[in-house]
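Notes follow the structure.
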Amino acid sequence: MRIALITPYGAAHRNGNWHTAARWARFLREAGHTVRVQTEWDGRPADLMLALHARRSFASIHAFAERFPSRPLLLALTGTDLYRDIHEDANAQQALELAHRIIVLQERGVDELATHLAARTRVIYQSSPDTARKSVRAKAFEVLVIGHLRPEKDPFRAALATAYLPDSSHIQVTHLGGALSEDMAATAELAQGKLPRWHWAGDVPHKTVLNRLARARLMVISSVMEGGANVICEALAADVPVLASHMPGNIGMLGEGYPGYFPVGDERRLAELLSMAERDPDFYAELLRHARTRRALMRPEQEASRLRQVVAEFEQMPII
């Protein structure tokens with residue numbers, strides 16, 4: 001099939017949407033499809049459109065549905081559209097109604113949809129290839145936070161948590177990700193000056209992120225809104241357990257019984273979990289056991305198979 005894959009962010013942004021689009025394009029091409037990745041549909045005919053983000057990709061979704069109303073339209077809901085836009089934005093709501101299939105990135109995503117939409121929804125967990133472990137630093141317990149500095153990520157929660165660690169702790173937290181505003185950058189610089197256990201590395205290449213994960217002991221994801229974070233997949237692929245804010249997008253990725261949750265915005269509880277992971281081998285082993293179990297859902301072959309299955313539902317349809 002000729003597939004138009006629409007992502008609101010191009011390669012220059014190197015964010016989660018772009019990585020998802022690039023990976024899905026590769027999976028679909030490997031299955032024999034022709035895929036054009038665009039930030040906005042150029043109007044060229046396609047047998048199927050796969051669009052990421054209901055609100056941001058709405059112009060392309062609407063134009064395709066208007067020109068080819070009988071051709072399949074697949075809509076993948078990411079983070080801000082799943083947990084905010086589809087509840088308050090008219091364009092995002094219309095995009096849902098136009099879609100023949102809706103894709104969510106973790107099992108709890110379906111809970112946000114009306115019954116008639118849930119029936120046409122499929123779950124596709126994102127994935128990452130295995131990352132080989134490297135030797136950890138003997139005198140440091142390295143913890144990573146990964147992602148751009150923006151409000152939805154609550155990016156300074158781990159920084160604040162370091163203030164509540166005992167003096168004897170060897171925990172060092174590094175945040176990998178660029179600031180999306182001058183205010184965020186200024187806050188990061190201020191925090192780095194006042195919190196000696198927290199370091200902001202800024203925007204780094206993806207290869208560097210994976211290299212750092214390969215020797216990290218933990219990753220923290222403190223988001224207040226998350227559709228299904230690919231950084232969780234990358235952490236589990238590197239055999240790194242996660243401490244995560246207790247909100248639907250993270251629960252859908254890590255499971256209801258995961259022992260590494262802390263309440264959203266609660267740096268004191270996060271500090272307690274960090275200390276437990278550093279000092280209590282049994283707790284760390286329990287985190288790792290759960291993480292390895294969830295890893296099975298997030299392997300590249302699983303993601304590729306689920307995506308191709310969704311597209312295959314429409315391969316025998318006559319193209320009108």
Task: E30 bridged to R26 by N-O distance under 4.0 Å - done: yes
- [ ] Identify whether L149 and V209 are in the same connected component of the hydrophobic contact network (ILVMFWY, side-chain heavy atoms under 4.5 Å).
- [x] yes
Okay, side chain of [X], backbone of [Y]: is any donor-acceptor separation there less than 3.5 Å?
X	Y	answer
T208	V204	no
R197	A159	no
H33	M1	yes
R306	V123	yes
R157	I221	no
T7	A21	no
S60	W41	yes
R101	V310	no
N250	S245	yes
Q106	R108	yes

Do [X] and [Y] have side-chain N/O donor and acceptor atoms under 3.5 Å apart?
X	Y	answer
S127	E303	yes
S305	E301	no
Q38	D42	yes
E112	H87	yes
H199	Q172	no

Heavy-atom side-chain proximity of [X] to [Y] below 4.5 angstrom:
X	Y	value
V220	V143	yes
P45	R2	yes
H290	P241	no
I3	D47	no

TODO: List the steps, then state whether side chain to side chain donor-acceptor pair (under 3.5 Å) holds for Y125 with E107.
DONE: CA-CA 8 Å; Y125 287 93; E107 61 202 37; 2.4 Å; yes
Nearest-0.5 Å distance, [atom1] of residue [X] to [atom2] of residue [Y]:
X	Y	atom1	atom2	result
I232	M219	CD1	CE	5.5 Å
E97	I61	CD	CD1	12.5 Å
R137	E142	CZ	CD	4.5 Å
L75	D81	CG	CG	7.0 Å
I171	S275	CD1	OG	5.5 Å
L213	D239	CG	CG	11.0 Å

Task: Working for side chain to side chain donor-acceptor pair (under 3.5 Å), residues Q126 and R23 - done: CA-CA 9 Å; Q126 299 187 90; R23 202 169 54 252; 3.0 Å; yes
Which atoms form the tightest heavy-atom contact between [X] and [Y], and what is the distance?
X	Y	value
P166	R279	CG-NH2, 3.3 Å
A161	L274	CB-CD1, 4.2 Å
S169	E278	OG-OE1, 2.8 Å
R294	I251	NH2-O, 4.5 Å
A158	V173	CB-CG1, 4.2 Å
L52	S57	O-OG, 2.6 Å

TODO: Just do the side chain to side chain donor-acceptor pair (under 3.5 Å) check on E234 and H19 with the steps written out, would you?
DONE: CA-CA 12 Å; E234 292 175 340; H19 285 300; 5.9 Å; no
Task: Residues which pass side chain to side chain donor-acceptor pair (under 3.5 Å) with R217, listed by chain and number, not counting sequence neighbours - done: none
- [ ] List the steps, then state whether side-chain contact (heavy atoms from CB on, under 4.5 Å) holds for L176 with D203.
- [x] CA-CA 6 Å; L176 307 177; D203 201 10; over 6 Å; no
Task: Derivation and outcome, side chain to side chain donor-acceptor pair (under 3.5 Å), residues E152 and T80 - done: CA-CA 8 Å; E152 293 86 358; T80 53; 6.0 Å; no
- [ ] Measure the acute angle between the ring planes of Y258 and Y261, then classify it against the limits of 30° and 60° as parallel, tilted or perpendicular.
- [x] perpendicular
